[in-house]
Amino acid sequence: MAPSIHPLVDNGITPGSPSFSGGTLRCLCTSNPVEVTLASDVVHNHACGCSKCWKPAGALFSVVGVVPDANLSVTANADKLYVTDPSAAILRNTCKECNTCLYGNIEKEHPFKGLSFVHVELSDQKGWQAPQFAAFVSSIIEQGFDPKGIDEVRAKFKSVGLETYDALSPPLMDAIATWTAKKNGKLPA
C-alpha cells in the first residue's frame, strides 16, 4: 500500500474551476487564525517533496502553488506570523502558535521574485487549481524515506495523472534558465 502522499493527492485529484477567482487561507489555530486572502487562483500548483515546504501532519509532500505578490494580503492576525528562515530564498511566513506556513515570498534577486508560494488546502473554498506535477520527489529520501519505496511513490503520482520530477517541471526549469541567461547577458533582456 502506498504511503500518504498528501490529502489532495491520496484519494484522487479534484479538478479546479477555470473561473475560480481566489479565496482565504487560514492557519490551523482554532481561535484567532491568521488569514491570508488571495485575489486570484494559483498557478503551477504541485506536490513538492523538498525539506523546506510546510506539509500537513503525516504527509510526505506539500502541495504548493504561486500567486503574484500583489494578489496576496494578510487580512487577520498578521502579528502571529514570523519568517522561519530569514536567510532562505523563499521567506516562509509561519504562524507562531500552530507552526503552519501561510505563504512564502521572495525578496532577493531570483527568477520567481514577485510570486508568493501558498498552500491551498488551508482554504475552505473549492475550485483551486489542482496539482499539475510532482517536484523534488527524490528529496523525500534525504529526509529519511526508505529508497526501496520510491517507485511506489512515483507510481501513486502516475496513477492520479501527475508526472514526477527531481527538480521542477520542464517549463519552470526553462523559465529559470531563461531568466539566468538574460541576467548574464546571454539572451536579450
task = Given side chain to side chain contact (heavy atoms under 4.5 Å, CB included), test Cys53 with Arg92 step by step and report yes or no.
result = CA-CA 8 Å; Cys53 284; Arg92 291 169 175 86; 4.3 Å; yes
request  = Walk me through it: do Thr84 and Trp54 pass the test side chain to side chain contact (heavy atoms under 4.5 Å, CB included)?
outcome  = CA-CA 11 Å; Thr84 55; Trp54 174 83; over 6 Å; no
inquiry  = With side chain to side chain contact (heavy atoms under 4.5 Å, CB included) as the criterion, how do Val36 and Val118 come out once you've worked through the C-alpha distance, each side chain's angles and the decisive distance to 0.1 Å?
reply    = CA-CA 10 Å; Val36 173; Val118 296; 5.5 Å; no
inquiry  = Before you tell me yes or no, could you show the steps for Ser138 and Arg154 under side chain to side chain contact (heavy atoms under 4.5 Å, CB included), namely the whole-Å CA-CA distance, both residues' side-chain angles and the distance that decides it to 0.1 Å?
reply    = CA-CA 10 Å; Ser138 292; Arg154 290 182 192 280; 3.0 Å; yes
Side-chain donor-acceptor contacts of residues 12-19 below 3.5 Å, not counting sequence neighbours, with atom names and distances?
| residue | atom | partner | partner atom | Å |
| --- | --- | --- | --- | --- |
| Ser17 | OG | Ser19 | N | 3.3 |
| Ser17 | OG | Ser19 | OG | 3.1 |

Would you list the atom pairs, donor with acceptor, under 3.5 Å between side chains in residues 175-189 and any protein atom, with sequence neighbours excluded?
| residue | atom | partner | partner atom | Å |
| --- | --- | --- | --- | --- |
| Thr178 | OG1 | Asp174 | O | 2.8 |
| Thr180 | OG1 | Ile176 | O | 2.9 |
| Asn184 | ND2 | Thr180 | O | 3.3 |

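Each of Val64, Leu8, Asn45 was compared with His119 under the side-chain contact (heavy atoms from CB on, under 4.5 Å) criterion, and only Val64 meets it. For the pairing with Ser116, the side chain to side chain donor-acceptor pair (under 3.5 Å) check across Asn71, Asp69, Asn93 returns one residue only, Asp69. Across Asp79, Leu102, Leu81, a single residue satisfies side-chain contact (heavy atoms from CB on, under 4.5 Å) together with Val74, and that is Leu81.
Residues Gln129 and Val120 are not in side-chain contact: their nearest non-hydrogen atoms beyond the backbone lie 4.5 Å or more apart. Using a 4.5 Å cut-off on side-chain heavy atoms (C-beta onward), Val34 and Cys29 make no contact. Between Tyr165 and Pro170, the closest side-chain pair of non-hydrogen atoms falls below 4.5 Å. Between Leu28 and Asn99 there is no side-chain heavy-atom pair separated by less than 4.5 Å.
Listed by chain and number, the hydrophobic cluster partners of Val83 are Leu91, where partners are ILVMFWY side chains within reach of under 4.5 Å, directly or through others.
Between the side chain of Ser73 and the backbone N or O of Thr75 there is no donor-acceptor pair closer than 3.5 Å. The main-chain N or O of Thr24 is found under 3.5 Å from a side-chain atom of Gln125 such that the two form a donor-acceptor pair.
Here CZ of Phe61 is found 11.0 Å from CG of Asp10. Values are rounded to the nearest 0.5 Å. Between Glu97 atom CD and Ser31 atom OG the span is 7.0 Å, to the nearest 0.5 Å. Between atom NE2 of residue His46 and atom CZ of residue Phe136 there is a gap of 7.0 Å, rounded to the nearest 0.5 Å. Put simply, SG on Cys48 and CZ on Phe133 are 8.5 Å apart, with the number rounded to the nearest 0.5 Å. Between the NZ atom of Lys52 and the CD1 atom of Ile90 there is a distance of 10.0 Å, given to the nearest 0.5 Å. Rounding to the nearest 0.5 Å gives a distance of 4.5 Å between NZ of Lys80 and SG of Cys27.
Under a hydrophobic clustering in which Ile, Leu, Val, Met, Phe, Trp and Tyr are joined whenever their side-chain heavy atoms come within less than 4.5 Å, directly or via other members, Leu25 and Leu72 fall into the same cluster. The hydrophobic clustering, which links ILVMFWY residues whose side-chain heavy atoms are closer than 4.5 Å, places Tyr103 and Ile106 apart. Residues Phe112 and Val67 fall into different hydrophobic clusters, defined by Ile, Leu, Val, Met, Phe, Trp and Tyr side chains chained together at heavy-atom separations under 4.5 Å. When the side chains of ILVMFWY residues are joined at heavy-atom separations under 4.5 Å, either directly or via intervening members, Val9 and Val137 end up in a single hydrophobic cluster. If you chain together hydrophobic residues whose side chains sit under 4.5 Å apart, Val42 and Leu115 never meet in one group.
Surrounding CG of Asn11 are at most 12 heavy atoms belonging to other residues, nucleotides or ligands under 6.0 Å away.
Nearest heavy-atom pair across Phe157 and Ala47 is CE2-CB, 3.6 Å. When all heavy atoms of His6 and Glu121 are compared, the pair lying nearest together is NE2-OE2, 3.1 Å. Among all heavy-atom pairs drawn from Ala167 and Met173, the shortest one is CB-SD, 3.9 Å. Across every non-hydrogen atom of Pro3 and Leu60, the tightest pair is CG-CD1, 3.7 Å. For Ser87 against Lys108, the heavy-atom pair with the smallest separation is O-NZ, 2.6 Å.
A salt bridge does not link Asp151 to Lys158: none of the charged nitrogens lies less than 4.0 Å from a carboxylate oxygen.
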